[in-house]
There are 2 protein chains.
Amino acid sequence: MARGEFCCTENVIHEGAVAQVRAAMHEAAALDTVAGFFRVLGDGTRMRIISALLVRELCVCDIAAALGMTKSAVSHQLGTLRAARLVKCRREGKSVFYSIADDHVIKMLEGGLEHVHE
Amino acid sequence: MARGEFCCTENVIHEGAVAQVRAAMHEAAALDTVAGFFRVLGDGTRMRIISALLVRELCVCDIAAALGMTKSAVSHQLGTLRAARLVKCRREGKSVFYSIADDHVIKMLEGGLEHVHE
DNA sequence: CAAACGATTGAACAACCGTTCAACTGATAT
DNA sequence: ATATCAGTTGAACGGTTGTTCAATCGTTTG
């Protein structure tokens, strides 16, 4: 009886199942990347920023006004959203205008709303 | 010149834009709910559990074995996934078997993988 | 150039979250 | 009933993370 070095007390309940899953499931590194992407969407402030930018392009000051937050807090979150390629920005004079990077984000938010409305 | 009580230094840059966004964007409460849903997906361990359960139904001990984690850590995360209605469970003797709650989760994970692969 | 303003950045603090450890529950078998 | 095993739960610890505050950058204007 082969014993794994990983399980709870002594041995695995269903060795076949564990081996099958280990071979078939996605790589941990890829899943961590996807988790990192979802983590960016997993914040109320960032979600509100995205929702605002879905209406129209906005500068940082206007986002802060619409959300009732400081420019600094908003800018920090915009940095996170930009790093995740969820939003893009464009400078115009002293202002920086942000908008949704691609419509892939929209489908993601819709999917999330679907899961919640049930 | 009407002044809002919310902006950065003194006044809003584009009042019309702010008013439009405030009226058209989703409610903060709904966005918080969606954010909470995405936050559950925003963890590498939970993502690996989901990926494992996409292969086949598994008991807690086997998930722990497949992931190289303790039963306790896995059970805590399964509780989070269950609360978010992402997985469901079924008791069979001493074991508890977990599986994906609905195929809505699958589309969500695929969407996330798409965004990463680009 | 200097002042003003929109925006960014870094440090610091508090709140949140994942893992560990230990105690406990529920079910099966002796 | 007692023991054993799968699983759950709660407290605690450490790491992460969001907001605040202050300082700074970049651009425009006087």
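Worth saying up front: this structure is predicted, and the values here are computed from it rather than measured. Chain letters run A, B, ... following the sequence lines, proteins first, then strands; residues in each count from 1.
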N/O donor-acceptor pair under 3.5 Å between B/Arg22 side chain and A/Ala66 backbone
yes

Whole-Å distance between D/dA6 P and A/His14 NE2?
10 Å

Checking A/Arg39 side chain against B/Gly44 main chain: does a donor-acceptor pair fall under 3.5 Å?
no

Taking A/His115 for the side chain and B/Ala84 for the main chain, is one N or O donor matched with an acceptor at less than 3.5 Å?
yes

Starting from P on D/dT8, measure out to CG on B/Leu81 and report it in whole angstrom.
12 Å

So A/Leu109 and A/Met47, do their side chains get closer than 4.5 Å, heavy atoms only?
yes

When every nucleotide of nucleotides 14-24 of chain D is labelled 5' to 3' by its protein contacts under 4.0 Å (heavy atoms), B for base, S for sugar-phosphate only, - for none, what sequence of letters results?
---SSSBBB--

Do B/Met25 and B/Leu31 come within less than 4.5 Å of each other through their side chains, counting heavy atoms only?
yes

Between B/Leu58 (CG) and D/dA6 (P), how many Å, whole number?
15 Å

Rounded interatomic separation in angstrom, taking CG from A/Leu78 and P from C/dT9
11 Å

Euclidean distance, B/Cys59 SG relative to B/Arg90 CZ, rounded to 0.5 Å:
10.0 Å

Below 4.0 angstrom, which residues in residues 90-99 of chain A have at least one non-hydrogen atom near DNA chain C?
A/Lys94, A/Ser95, A/Val96, A/Tyr98

My understanding is that only one of B/Ile106, B/Val105, B/Ile100 makes a side chain to side chain contact (heavy atoms under 4.5 Å, CB included) with B/Asp103; could you say which?
B/Ile106

How many Å lie between NZ on B/Lys71 and P on C/dC21, as a whole number?
14 Å

Return yes if some donor-acceptor pair links the side-chain N/O of B/Ser51 with the main-chain N/O of A/His26 below 3.5 Å, else return no.
yes

